[in-house]
Structure formats: C-alpha cells, structure tokens
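Written below as structure tokens is the structure these notes are about.
Since the model is a prediction, treat every value here as computed from it, not as a measurement.
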Amino acid sequence: MRKSLAVLVCVAALVTPSVAPAQGAGWSYAYTAGVATATERDDSGRVTSTITCRPPTGDIVITDYTLGRAGRRASQAAVRIGAMSVNVPASVSGRGRQAALVINLPQRPPILAAVQPADRLSVTVNNQTHTFREGGPARMREVAYGCWGS
C-alpha cells in the first residue's frame, strides 16, 4: 500500500504542470519582432511600465501603468532623467485597471544625452509622479540603441 502511494505521488508530480515563478521586481529587456522593449515590474511581479521603440520611426514610447488614472484629461507629462526634464505629449489608453499613461518621446530625444549612471527616471502628470526603479535611464538607453541600431 505504501509503495503504491509513493508511486502515485511520483506520477502525480510528473503529470501536474509546473507553475513558473513570477518574474521578479526590476527591469528586463527584450528585442522581439523588431521592437526593443524594457519592462519594469513591481515586487509582486506586475508590470508597472514599459519603454519601447520600433524602427524606422525611432520614437520611444513610455507606457506607465501606475499613472493611468492620474493622466486622465492630461495632454502633457514631464519626463525627468536626473536633473534634466522635458514636457512631452501624453494620453491615456485603456480603462479602469488597464488604464495606462502613454508618452511618445521624439526620435533621439536629447534627454538621453544627459544620462549619468546614478540618475533616476521619473514621469509626472497632474502632480502625480512615478519614479522608476534603479536602472531606468540605462534601460531607456538600451532600448534606444537597440532600436536605432537596426
């Protein structure tokens, strides 16, 4: 009886699909189907923002899922890296929990020239600010070079 129970447990373990652990907090980068993408996740593994760039336009798009509600009725957002800040057009896409603030930076934004290793990236809209995790400016630069080098 014990032997058959042990065999049953082993078989069940082999047959049961494994669950992949949630992606950890921080940044990840991928270049898939011609799109360079950096993804920021919170401590629960939820996506909080993405930075994407698609050739040939080379525009960098920041999508911030934490500021969707704050961005309603906003037409501009401030993007800051370190001490340099630019005001750029912004809009909200989606509804409810799926609402996201979408910011289009022009091709080869001058703000990238000011990036220093210890700088932080932040977005402000309607007096609400999301400061990205450490490494945000470096990931933005990685996305830009991945896109522009294509």
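Here NE2 of His130 is found 9.5 Å from OG of Ser122. Values are rounded to the nearest 0.5 Å. A distance of 11.5 Å separates OH in Tyr29 from CD1 in Ile51, rounded to the nearest 0.5 Å. In this structure, Gln76 CD and Ser91 OG are separated by 12.0 Å, a value rounded to the nearest 0.5 Å. In this structure, Trp27 CH2 and Ser49 OG are separated by 4.0 Å, a value rounded to the nearest 0.5 Å. With rounding to the nearest 0.5 angstrom, the CZ atom of Arg80 is 10.0 Å from the OG1 atom of Thr131. Note that CZ of Arg46 is 11.5 Å distant from OG1 of Thr66, once rounded to the nearest 0.5 Å.
Across all non-hydrogen atoms, the minimal contact from Ala74 to Val125 is CB-CG2, 3.4 Å. In terms of heavy-atom proximity, Cys147 sits nearest to Gly58 at SG-CA, 3.8 Å. When all heavy atoms of Val88 and Asn104 are compared, the closest pair comes out as CB-O, 4.1 Å. Smallest separation of non-hydrogen atoms from Val102 and Ser93: CG2-CB, 3.8 Å. Closest heavy-atom contact between Cys53 and Pro55: O-CD, 4.1 Å.
Residues Tyr65 and Val61 fall into different hydrophobic clusters, defined by Ile, Leu, Val, Met, Phe, Trp and Tyr side chains chained together at heavy-atom separations under 4.5 Å. Hydrophobic clustering of Ile, Leu, Val, Met, Phe, Trp and Tyr side chains at less than 4.5 Å, counting indirect connections, unites Tyr145 with Ile81. Linking ILVMFWY residues whenever their side-chain heavy atoms come closer than 4.5 Å, directly or via other members, places Ile60 and Tyr31 in the same cluster.
When side chains are defined from C-beta on, Asp59 does not count as touching Leu105, because their heavy atoms never get closer than 4.5 Å. Ile62 has its side chain within reach of Met140: a pair of non-hydrogen atoms, C-beta onward, lies under 4.5 Å apart. Put simply, the side chain of Leu101 does not reach to within 4.5 Å of the side chain of Thr63, judged on heavy atoms. With a 4.5 Å cut-off on side-chain heavy atoms, Asp64 and Phe132 count as touching. Within the 4.5 Å cutoff, no side-chain heavy atoms of Arg120 are placed close to those of Pro137.
Not a single donor-acceptor pair under 3.5 Å links the side chain of Arg139 to the backbone N or O of Gly136. Asp42 places a side-chain N or O within 3.5 Å of a backbone atom of Ser44 that can act as its donor or acceptor partner. Looking at Asn126, its side chain never comes within 3.5 Å of a backbone N or O of Gly71 through a donor-acceptor pair.
For Asp43 and Arg133, the salt-bridge test passes: some basic side-chain N is under 4.0 Å from an acidic carboxylate O.
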Thr124 vs Thr129, test: side-chain hydrogen bond (donor to acceptor under 3.5 Å, both in side chains). Steps then yes/no. CA-CA 4 Å; Thr124 302; Thr129 300; 2.8 Å; yes

